[in-house]
Peer 1: 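Right, I'll just put the structure down here and ask away after.
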Protein chains: 2
Amino acid sequence: MTTDTQTLKQEFIEGLSGISAFWGFPKGMGALFAVLYLSPDPLPLDELVEQSGLTKGAVSTNVRALARIGLVHRSTRLGDRKDYYEAETNFYKSVRSILKERQNTEFDRAVASVKETLSKLEAGAGSSDPAEQAFLLERVRALQSFFDALDSLFSAISRLDSLGFGTIQTVLNILK
Amino acid sequence: MTTDTQTLKQEFIEGLSGISAFWGFPKGMGALFAVLYLSPDPLPLDELVEQSGLTKGAVSTNVRALARIGLVHRSTRLGDRKDYYEAETNFYKSVRSILKERQNTEFDRAVASVKETLSKLEAGAGSSDPAEQAFLLERVRALQSFFDALDSLFSAISRLDSLGFGTIQTVLNILK
DNA sequence: TACTACGTTTAGTAAATACTAAACGTAGTA
DNA sequence: TACTACGTTTAGTATTTACTAAACGTAGTA
């Protein structure tokens, strides 16, 4: 006895909901993306309400958030007042826009504050004891360069689609 | 007028708190790591209470969580009942253990569920309409291969320290 | 044995968050 | 103009989470 399409979809939706929650997004966003991703055609809001089990308000909010980060696209049809949504299928593109989105939030502010600490230290601030000063400088520098390395890698990820999978394989082989 | 050491430390602590929160960890964890990271010597729990402003209970919980993911290490001294903590300074090592830790949580279960959906589809489940079946298969496959690529990259990150920065530069040049 | 100095656990709390239900705004239509 | 079919916004709610305060457990010490 094999699983039917409906059940299969439901499991997939729950899976993406969990992944969404894990990355700090509302579960609803994952669910809505899943619904759209499994649909060959763009879907209107009321269809999303039906298939996701969320209310109109929740769908409206979440689908708009998805559009902001580029994971779904909104479209309209002539002589039809409804909005239609469809899933973006180029994930690398989405990652890029998600990272870009997040760059202007608290994360960037926090990372910037570490960088600022470093600048102040390099400018001679905090000099109570030379040994302590040197120690602090070394530690904060090390952290900063780690952040820089991470940053390079993340931006590399967002460029992966234009590079193609051949390049990815090459890179992974080097790293192996 | 330059900033004094105390203020500088405080700013750094707040910065790491923010970064911690951003990545889904308690702010307290970031703060405690910051305190330890800026200390040349291992610190006992009561010192952490004092420097972080958290209560004993919170410090106990958070510092244990930090130890679990390998960002701090606990040690003891002979004839001294206190526990001492110090920061791990090899971040790549920490990333590796954080990822390893997370692997057994909800994230992995969620990703696994997508993989399971794919297996079922490949085994012929859900076959209502051949065209729909092909469509679903193609989409879920694409998502799965995206996850696989991400996975490769993350595990690459955790191997970066053993490779050294020379290799990292090489890789980033290829990706550029 | 009682005492002391620790770390841990628990009960309760405050704040953030994502949702529901329903009111609202608005653009096309009779 | 009133009506209808949409999407959006708001008020309220349930849940989660990270914290505090305090009780608790425990191993060394007098």
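Just so it is clear, the structure is predicted and the values come from calculations on it, not from any experiment. Note on naming: letters A, B, ... go to the chains in the order of the sequence lines (proteins, then strands), and numbering restarts at 1 for each one.
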Peer 1: Check every strand shown and say whether A:Gly79 touches a base, only sugar-phosphate, or nothing at a heavy-atom separation below 4.0 Å.
Peer 2: nothing
Peer 1: Quick one: list whatever passes side-chain hydrogen bond (donor to acceptor under 3.5 Å, both in side chains) with A:Gln144, sequence neighbours left out.
Peer 2: A:Asp148
Peer 1: Residues in salt bridge (Lys or Arg N to Asp or Glu O under 4.0 Å) with A:Arg68, at least two apart?
Peer 2: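 So A:Arg68 forms a salt bridge (Lys or Arg N to Asp or Glu O under 4.0 Å) with A:Glu101.
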Peer 1: Using nucleotides 13-15 of chain C, report all nitrogen or oxygen pairs with the protein that are shorter than 3.5 Å.
Peer 2:
none

Peer 1: Could you name each residue pair satisfying side chain to side chain donor-acceptor pair (under 3.5 Å) that touches residues 49-60 of chain A, not counting sequence neighbours?
Peer 2: A:Glu47-A:Gln51
Peer 1: Quickly work out the A:Phe25 CZ to D:dT16 C1' distance and round it to whole Å.
Peer 2: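 So the two atoms are 19 Å apart, to the nearest Å.
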Peer 1: Just by modelled atom types, is the B:Gly30 backbone N or O under 3.5 Å from a matching donor or acceptor in the B:Ser17 side chain?
Peer 2: no
Peer 1: Pairs under 3.5 angstrom only: tabulate donor-acceptor contacts from the side chains of residues 110-117 of chain A to other protein residues two or more places apart or in another chain.
Peer 2:
| unit_1 | atom_1 | unit_2 | atom_2 | d |
| --- | --- | --- | --- | --- |
| A:Ser113 | OG | A:Ala110 | O | 3.2 |
| A:Thr117 | OG1 | A:Ser113 | O | 3.0 |

Peer 1: Check salt bridge (Lys or Arg N to Asp or Glu O under 4.0 Å) between B:Arg141 and all other residues, then give those that pass, not counting sequence neighbours.
Peer 2: B:Glu122
Peer 1: Grab the CH2-C1' distance between A:Trp23 and C:dT17 for me, whole Å please.
Peer 2: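 Rounded to the whole Å, the gap is 20 Å.
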Peer 1: Taking A:Pro26's backbone N and O only, do any of them form a donor-acceptor pair with A:Ser20's side chain (distance below 3.5 Å, no angle check)?
Peer 2: yes
Peer 1: Distance-only, no hydrogens or angles: does the A:Ser97 side chain make a donor-acceptor pair with backbone N or O of A:Ile69 under 3.5 Å?
Peer 2: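 Yes.
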Peer 1: Can you give one letter per nucleotide of nucleotides 1-9 of chain D, 5' to 3': B if a protein heavy atom sits under 4.0 Å from the base, S if only from the sugar-phosphate, - if neither?
Peer 2: ----BSBBB
Peer 1: Go through the structure and list residues passing side-chain contact (heavy atoms from CB on, under 4.5 Å) with B:Ser119, not counting sequence neighbours.
Peer 2: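 Not a single residue meets the side-chain contact (heavy atoms from CB on, under 4.5 Å) criterion with B:Ser119.
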Peer 1: Let me check the geometry of the helix from C:dT1-D:dA30 to C:dA30-D:dT1. What is the bend angle between the axes at its two ends, five pairs each, to 10°?
Peer 2: 20°
Peer 1: List in numerical order all residues of residues 28-41 of chain A for which some heavy atom is under 4.0 Å away from an atom belonging to DNA chain D.
Peer 2: none
Peer 1: Taking side chain to side chain donor-acceptor pair (under 3.5 Å) as the cut-off, I'd like each qualifying pair that reaches into residues 29-41 of chain A, sequence neighbours left out, listed once.
Peer 2: none
Peer 1: Go through the structure and list residues passing side-chain hydrogen bond (donor to acceptor under 3.5 Å, both in side chains) with B:Lys120, not counting sequence neighbours.
Peer 2: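 So B:Lys120 forms a side-chain hydrogen bond (donor to acceptor under 3.5 Å, both in side chains) with A:Glu11.
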Peer 1: Nearest to the side chain of A:Leu54, which nucleotide is it out of D:dA21, C:dT20, D:dC19?
Peer 2: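 Ranking D:dA21, C:dT20, D:dC19 by closest atom to the A:Leu54 side chain puts C:dT20 first.
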Peer 1: Quick one: does A:Ser94's side chain have a donor or acceptor within less than 3.5 Å of a partner on A:Leu71's backbone?
Peer 2: no
Peer 1: Taking only Lys NZ, Arg NE, NH1 and NH2, and the carboxylate oxygens of Asp or Glu, determine whether A:Glu132 and B:Lys9 approach each other closer than 4.0 Å.
Peer 2: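 Salt bridge: yes.
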